[in-house]
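Have a look at the structure below before the remarks.
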Number of protein chains: 2
Amino acid sequence: MRVDILTKSENLEVQKEIISKLRDLINYKNLEPGDKLPSERMLSEKFEVSRSNVREVIQKLEFFGILKSRPQSGTFIADIGQIAMSGMMDDILRLEDPDFKSLVETRILLELKTVRLASLRRTEEDLEKMRQALDAYKEKVLNGQDAVQEDLLFHLAIAQASKNTTMNTFMLIITPEIITNFEKYHVCDANLSFKGIQEHEDIYNAIKDQDPKKAKEKMKTHFKILYQYCYNV
Amino acid sequence: MRVDILTKSENLEVQKEIISKLRDLINYKNLEPGDKLPSERMLSEKFEVSRSNVREVIQKLEFFGILKSRPQSGTFIADIGQIAMSGMMDDILRLEDPDFKSLVETRILLELKTVRLASLRRTEEDLEKMRQALDAYKEKVLNGQDAVQEDLLFHLAIAQASKNTTMNTFMLIITPEIITNFEKYHVCDANLSFKGIQEHEDIYNAIKDQDPKKAKEKMKTHFKILYQYCYNV
DNA sequence: CAAACCAATCTGGTTAACCAGTTTTTGATT
DNA sequence: AATCAAAAACTGGTTAACCAGATTGGTTTG
């Protein structure tokens, strides 16, 4: 799975402009799945932008699975059909940067699932990794240090144990933004982390015992406090 | 949010190699958040790879929020801390391409949530868009045509109405792969689509009536058949 | 001695040239 | 007219040169 895409603010507007024009072109020419797009050079000339800009957009749409480019051959429309493509392009154009609330909402949803799956599918190796993350977390907290990072690593270990690569990827995508926001708003202060040790232990034990119901329950209580914190921001 | 990242099979190995070396370098030099990485040129020389390769990796890690590059200045370690960064790099190295089962599992999880949120937050404009997608779907099915794309567009409209940009993005990411797999395995045949019309109508009405419980329930029954199909592949 | 200035240097970003396959056209041959 | 080899044109990918802004260290100046 790819993960690219430029984030430069100015560039983003240019990209949207190109995506929009490209969508119109595809509709106008009635290009169908499998059809070849005009070459990058031609598009850059037609849209009056640099070839780099065109390449960025193509790579972005390739990430979203809309286009496929073949070396020394051309860029082709993926097998998802014209309607789906046009609709998806609209959605991509409409996409905004995620807000904190949206991130937390998604994280909670994902984690309540990964913890359940982890308790069903975890291997001994997974357990070992979670144990290490948990110990690192405990040590930091008991020394009165900030432990947001170790906290998240424990949760990432759970995601990995869930054996669902898609959810694992998504957790990785949202984690850094979660961390920065947490540190920014001081979501986790010392005594909260202290409380977190027991909660983490509970989650770990439930996964170890392969008790999905209990695991989910413990994760829920773990998030209850975080949830309140986040919505008080 | 960015979405890049190259997917070329050969390149991917090179990228992993560089990520691994970069992680070792950061650990060895004890680089902390905010610290500046060596320049791209220096890294490409040190790792004996092209500067393009280094740039690709940096962009990838930037997408995951681990690095931040400032024009005419340098690439810096994001404010997520060394431990989190090292751990995340390990996870990224371990990431595999998503399998179909993982995709479906994630899709169901996301949609059971977005449909609930949509029924709570939908505007009249959202309703209109879903209505259009639904009508396009109906028309295709009643003419005996394949309607996988229109199906997915309806679901994307729901994701958009959920007002959760993160989930919306994630739905967009997995949709194309879902479509190709569906068409590949012929998950949706004609009579299944026929049944789908009523299910879609039910979902639409529940969202219109702002009844989250019913909406989720209807989505669940909608997925029940798909679920069986997917696990029979 | 500190502050202000300035030029050399270094940075990521951008552009243009180049490369190695692919595709299409061409034209000689049968 | 059909065939097929060869070459010209075109493709996305890669590399190297270039750019403008940021940084840095030394020098000058008050």
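These numbers come from a predicted model, not from an experiment. Proteins come first, then strands; the chains are lettered A, B, ... in the order of their sequence lines, and each starts at number 1.
No more than 12 heavy atoms of other residues, nucleotides or ligands shown are found within 6.0 angstrom of CD on B/Glu45.
Side chains of A/Asp126 and A/Thr123: a donor-acceptor N/O pair is present below 3.5 angstrom, by distance only. Under the 3.5 Å distance criterion, with hydrogens and angles disregarded, a donor-acceptor pair is assigned to the side chains of B/Glu62 and B/Ser69.
With rounding to whole Å, B/Leu37 atom CG is found 13 Å from C/dG12 atom C1'. Across the protein-nucleic acid pair, B/Glu48 atom CD and D/dT15 atom C1' stand 18 Å apart, rounded to whole Å. As rounded to whole Å, 14 Å separates atom P of C/dT15 from atom CD of A/Glu40. Rounded to an integer number of Å, the gap from CG of B/Leu67 to C1' of C/dT11 is 15 Å. When the P atom of D/dG13 is taken as reference, atom NZ of A/Lys68 falls 12 Å away, rounded to whole Å.
Aromatic ring centres of A/Phe170 and B/Phe170 lie closer together than 6.0 Å.
Of the residues near DNA chain D, B/Lys36 and A/Gln72, the one whose nearest nucleotide (by heavy atom distance) lies more toward the 5' end is A/Gln72. If you find the closest nucleotide of DNA chain C to A/Arg51 and to A/Arg70, the one lying nearer the 5' end belongs to A/Arg51. Heavy-atom nearest nucleotides on DNA chain C were determined for B/Met42 and for A/Arg41, and the one closer to the 5' end corresponds to B/Met42.
The side chain of A/Glu56 sits closest to C/dT14 out of C/dA20, C/dT14, C/dG13. When the nucleotides D/dT15, D/dG13, C/dT15 are ranked by their closest atom to the side chain of A/Ser50, C/dT15 comes out on top. The side chain of B/Ser73 approaches D/dA22 more closely than any other nucleotide in the set D/dA22, D/dG13, C/dG12.
At D/dG12, none of the side-chain N or O atoms of A/Ser69 fall inside 4.0 Å of OP1 or OP2 (strictly under the cut-off). Put simply, B/Arg55 has no side-chain N or O that comes within less than 4.0 Å of OP1 or OP2 on C/dG12.
Residue contacts for B/Ser52: at a heavy-atom cut-off of 4.0 Å it reaches a base atom on one of the strands shown.
Contacts of B/Glu111 classified as side-chain hydrogen bond (donor to acceptor under 3.5 Å, both in side chains), with partners at least two apart in sequence or in another chain: B/Arg107, B/His155.
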